[in-house]
Amino acid sequence: MKRKSQKDNVIIQILLFLLAIITLFPFAYILMIALGKNVISVNTLIPREFTLANFNKLLTNTAFSNWMTNSFIIAFSTMVISVILVSITIYVFSRLRFYWKDKLFNIILLIQIFPLTLSMVSIFKIFVELGLLNKIPGLIIINSTLASSGLIMLAKGYFDRIPYELDEAAMIDGASRIQILLKITLPLAKPMLAIVAIQSFIIAYNEYTIASAVMTTNVESLPLAVGLQSIITGQYGINWSLYCAGAVMGSIPMIILFYSLQKYFIGGLTEGGVKT
Amino acid sequence: MRKKIILFMSFILICTFFLSFGQVKAESEQTIRIWVGAIPEEKQVMEEIADDFTQETGIKVEIYQKLEIFTVPSALVNNAELDERPDIVYMQAPDIGGLVESGYLQSLNLEAEFINRFTDVAFDAFTYNNKIYGIGYSNSTYGLIYNKDLISTNNLPKTWEQLFNLADELTLRSEEGNIIRRGIYINATDMWFNYPLIRKYGGYYYGKYPNGEYNSYDIGLDNEGMLEYVRKIKDLKSQGLVLNNPNKKDYSEIISDFCDEKVAMFFYGLWSAQAFNNANIDYGIAPLPENSKPLTTVEGFVINKYTKNLQESIDFMQYIFRDENQQKLIEAGNRYEEKTGERNPTNLAVINSDYIQSDEILKNISKIGQNVEPFPNIPEGPLWYNQDVTYSTFKTIFFGDRNGNAVDSEYKLHELANYIKKNVSFMNDPIEYIEIPSQLYIFGLLGITGLLGLFLFLKFKRKSKVIKKKYNKKEQFLAFILLLPIIILLGMFYIYPIIHNIYLSLTDYSGINLRDFGFIGLANYKQIFSEEVNGLLQMVLWTIIFAFSVIFLSFIFGTLLASILEKTNAKIAKIYRLIYILPWVIPTVITLLMWKGFLETEGGLINHLIGLIGIPNISWLTTPVMAKISTILVMVWFSFPYYMVVAFGFLKSIPKDYYEAARMDGASRMYMFIKITLPLIFQAILPMLIMGFVMQLNQFGVYMLTQGGPASDRLGNPGATDLLITYVFNTAFNTKRYALAASYSVIIFIFVAIFALTIMKINNKKVEG
């Protein structure tokens with residue numbers, strides 16, 4: 001019996017290892033191309049020479065640092081707004097009783113199934129009317145909408161697990177609603193908030209379709225995803241090395257954010273809360 | 001009750017607010033704005049020129065750089081009337097047709113003295129309906145690229161026959177018959193660079209009327225000459241001189257072979273000159289034999305019709321096109337001493353300057369640039385050169401259909417020409433107005449009252465059963481206030497677009513009707529349901545299968561991983577978790593493109609790797625079935641980490657005694673996983689799975705991976721991996737029929753909504769029961 005499980009374990013370990021390689025492979029490859037010299041196609045097995053020139057060129061020859069700053073501003077603001085917006089909305093849906101509650105919640109969820117990619121013409125119109133075209137605040141607003149409405153469902157499931165008795169107890173002690181939210185409910189919901197934070201950051205940082213349509217005038221005001229894409233869709237010399245160098249540098253903020261927040265949620269969504 | 005009314009009213013208010021928002025006021029301006037191209041050096045020079053201009057005239061000039069010239073037309077349309085509108089815009093000549101038709105460009109009156117200072121193509125390319133709308137600055141064209149070590153400049157072929165004979169001579173074969181070097185290398189699926197050859201045999205771009213205007217109904221692709229062209233290419237193919245990789249749309253393979261000295265000649269421009277230089281290839285560019293004219297895309301400056309500073313803009317435009325300023329710009333555009341060939345001047349003084357004449361490559365390309373055929377600037381232009389359509393036609397002609405069977409070239413060429421013709425007539429023929437039938441109103445009214453009745457009935461029934469809940473008024477008000485922000489945002493970006501889309505779907509809004517589009521009733525829907533219904537059904541089916549498979553597999557896989565990791569050594573598990581989560585963290589735009597490259601059939605990394613262990617090439621993305629499987633797998637690769645993280649959280653909440661009890665009964669690990677873990681996790685995260693499913697229905701990543709391909713054997717049908725959303729996007733993007741795309745999106749919305757509602761209903765029932 002014991003032997004069999006040991007053998008099983010070895011097989012599982014090998015499989016896990018293989019899977020890790022499959023997962024890591026594309027990233028390792030991006031890094032390799034970023035360091036390669038004169039890479040013409042993505043499928044160059046191993047570049048002939050390695051160099052840091054691509055990174056240098058990226059920083060001096062393109063508006064990369066601007067794109068990065070823009071993306072960071074957009075993603076960070078979106079993150080903050082989304083966390084606040086999601087917390088409030090979920091608090092209302094999970095703690096308050098009001099007319100049309102379930103229906104409204106369903107409507108909020110249902111309405112999002114309409115793909116924004118198909119409403120570009122309309123979104124454009126809204127941006128023009130509100131004077132948000134070509135402006136970073138416009139992107140922050142739409143990304144916040146996108147992120148918070150998408151994350152409401154995930155967050156509600158978690159919020160509902162925090163027992164209402166805690167609120168009631170605090171209320172008997174004379175705490176106000178805001179105090180309860182800030183001092184009791186939200187701290188208990190930290191892992192969920194961490195997920196909301198990172199997800200909204202990812203959504204805003206990766207968003208490409210809308211940004212490419214509404215940022216129309218200036219190169220310097222593009223976010224990273226759009227700016228990088230223009231390196232490979234440009235007419236002259238598709239430059240994979242430059243693109244991959246951008247990809248490597250562009251991933252750094254995400255990785256930092258991710259690994260600094262991971263202890264909150266990778267440890268488990270239910271930790272800290274009360275078991276159901 | 002009052003609260004309900006308030007809620008309803010504010011909802012209506014939000015909607016009407018955005019529908020009725022008036023035009024933004026504009027104020028007069030003193031500065032002119034100019035959009036320039038992507039080259040930083042050129043922008044710098046433009047700034048200097050603008051400074052000089054300001055000093056001379058006192059008019060301020062603001063310069064904006066545009067990276068992607070392809071996006072300029074739509075950007076112009078969108079910004080043309082705003083406060084920050086551009087006055088002068090740098091764009092490609094082929095894009096002007098639609099803009100002129102929609103009234104966005106200002107026609108120019110130029111003096112003969114001015115015109116004489118440039119090559120003819122600078123104005124020909126920008127002439128539409130006998131009026132000049134812009135001035136060409138650079139002329140992107142191509143010729144015969146050749147390796148000077150193999151072909152001496154004096155020995156260049158004068159006729160096409162000589163060219164092919166020379167190619168034959170230069171082709172080297174090993175003893176086994178493998179080709180070591182090709183005299184010429186041709187991409188058979190391409191029409192742009194092969195155009196001079198097509199022309200030689202008698203094929204052509206849209207025919208012309210005697211007055212020189214294009215006749216877009218005359219498509220020169222199904223005549224006798226084209227058949228001869230096909231025969232010639234087939235002949236070259238049998239000699240091994242045609243790129244034997246039907247799935248390669250670009251020239252990267254030919255270029256890299258040229259850099260390795262495995263190719264002596266090919267038709268191309270200077271787009272990859274840097275690669276040639278880096279590979280230390282001594283190359284030259286020569287005019288094509290028999291004075292054949294290559295196609296060219298002229299880039300130049302146009303004036304926004306809505307400019308507030310017309311005279312100033314014209315003055316600045318003339319200023320840019322002074323000989324000395326052209327010289328500075330062209331030198332900067334070619335990055336000074338690097339002489340990259342990125343800008344090919346139209347100004348005669350620049351062409352004759354030392355800068356151009358001292359460099360053989362630049363000299364030759366500028367010479368070619370004086371004998372070219374500008375790509376037609378009529379709005380129908382892109383229909384002819386719709387890469388998806390022409391590519392898939394020539395691919396089937398030269399490489400067989402999706403199952404590899406040979407096809408009749410004549411039939412395929414006719415099909416291609418008819419397809420283009422059909423799209424041309426869509427663009428030009430007035431669309432028939434289709435009255436919304438009065439029955440529909442009645443049915444709609446009946447339906448709505450029926451639904452309302454049902455709703456009230458159910459409500460009444462429920463009321464009688466359940467004691468009416470009492471709501472605290474203060475709490476209600478608080479809830480409403482707190483929800484206001486999200487409701488406003490959703491109203492703005494989700495509800496308004498839906499209404500707007502319904503409205504657009506009833507009009508003829510399109511690329512050439514951007515301003516005065518009108519109501520055409522149900523004509524768009526009629527077209528979808530009469531002509532494209534088969535494709536629609538096929539797509540609906542595939543969309544559902546796709547979304548279901550992706551979510552199902554990601555869920556199983558994610559949960560499995562989570563439960564395995566939970567049982568392994570905590571430290572190791574932590575490392576693995578951090579690794580597995582990566583696909584979720586890195587921008588998808590980047591990784592999708594990587595996957596696309598890896599999965600290529602010829603030379604793709606994955607085929608390369610499995611080739612090392614002796615497995616033959618697999619067509620990952622090019623045969624329908626494999627493409628479907630690959631698409632699903634790649635998307636699973638993207639989404640399993642999310643479910644792993646989520647499942648991991650819920651695993652801990654499963655009581656341990658469940659497993660203990662199962663173990664007592666001697667259940668295996670697998671059994672426990674399937675019978676205990678999966679169902680419990682499934683129940684816990686069902687809402688997330690539903691949400692994920694709906695998101696996958698709208699998975700746009702597929703577009704970046706396959707563009708919906710491999711294309712259907714019948715032109716105009718959706719490709720094998722076309723989801724509803726990618727197909728609609730393609731329709732909107734390629735044919736610019738925005739109203740048709742809007743009709744599709746309304747259908748998609750109804751389809752997805754019904755789907756989601758049903759699932760939710762089932763879900764609710766389960767929870768209740």
Could you tell me whether the side chain of B/Y494 and the main chain of A/I108 form a donor-acceptor pair under 3.5 Å?
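Not at all, since once roles are kept as given, no pair shorter than 3.5 Å links the two residues.
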Between [X] and chain B, with a heavy-atom cut-off of 4.5 Å, which part of the residue counts as in contact: side chain, backbone, both or neither?
| X | value |
| --- | --- |
| A/L19 | both |
| A/L224 | neither |
| A/L257 | neither |
| A/I142 | both |
| A/I88 | side chain |
| A/R177 | side chain |
| A/I12 | side chain |
| A/F201 | neither |
| A/Q13 | both |

Checking [X] against chain A: side chain, backbone, both or neither under 4.5 Å from a heavy atom?
| X | result |
| --- | --- |
| B/L490 | both |
| B/L561 | side chain |
| B/A479 | both |
| B/F557 | side chain |
| B/L565 | side chain |
| B/I748 | side chain |
| B/S745 | both |
| B/F749 | both |
| B/Y744 | neither |
| B/P583 | both |
| B/Y503 | neither |
| B/L504 | side chain |

From [X] [atom1] over to [Y] [atom2], what is the distance, rounded to the nearest 0.5 angstrom?
| X | Y | atom1 | atom2 | result |
| --- | --- | --- | --- | --- |
| A/N206 | B/T591 | CG | OG1 | 8.0 Å |
| A/F98 | B/F477 | CZ | CZ | 14.0 Å |
| A/F27 | B/L582 | CZ | CG | 5.0 Å |
| B/M594 | A/I30 | CE | CD1 | 5.0 Å |
| B/Q65 | A/L222 | CD | CG | 10.0 Å |

For [X] and [Y], which heavy atoms make the closest approach, and how far apart are they?
| X | Y | result |
| --- | --- | --- |
| B/E475 | A/R97 | OE2-N, 2.7 Å |
| A/S119 | B/P497 | CB-CB, 3.3 Å |
| A/T23 | B/W637 | O-CZ2, 3.7 Å |
| B/Y580 | A/L16 | OH-O, 2.6 Å |
| B/I579 | A/A20 | CG2-O, 3.9 Å |
| A/P26 | B/W595 | CG-CZ2, 4.0 Å |

Is the centre of the A/Y208 ring less than 6.0 Å from the centre of the B/F700 ring?
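That pair fails the under 6.0 Å test.
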List the steps and the verdict of side-chain contact (heavy atoms from CB on, under 4.5 Å) for A/F25 and B/L609.
CA-CA 12 Å; A/F25 183 70; B/L609 289 179; 4.0 Å; yes
For chain B, which of A/I123, A/T209, A/V214, A/V121 has the most heavy-atom pairs under 4.5 Å?
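Greatest number of close heavy-atom pairs with chain B: A/V121.
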Considering only heavy atoms from C-beta outward, does the side chain of [X] approach that of [Y] to under 4.5 Å?
| X | Y | answer |
| --- | --- | --- |
| B/M492 | A/L130 | yes |
| A/V128 | B/N78 | no |
| B/L489 | A/S149 | no |

In terms of the angle between their ring planes, are A/F127 and B/F493 parallel, tilted or perpendicular, with boundaries placed at 30° and 60°?
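Ring orientation of A/F127 relative to B/F493: tilted.
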Output the option from B/T71, B/L483, B/I725 having the highest count of non-hydrogen pairs under 4.5 Å with chain A.
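That would be B/L483.
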Check the pair A/L15, B/I564 against side-chain contact (heavy atoms from CB on, under 4.5 Å), reporting the backbone distance first and the verdict last.
CA-CA 11 Å; A/L15 284 179; B/I564 289 176; over 6 Å; no
Can you confirm whether more than 12 heavy atoms, excluding those of A/I252, are under 6.0 Å from its CD1 atom?
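It does: A/I252 CD1 has more than 12 such atoms within range.
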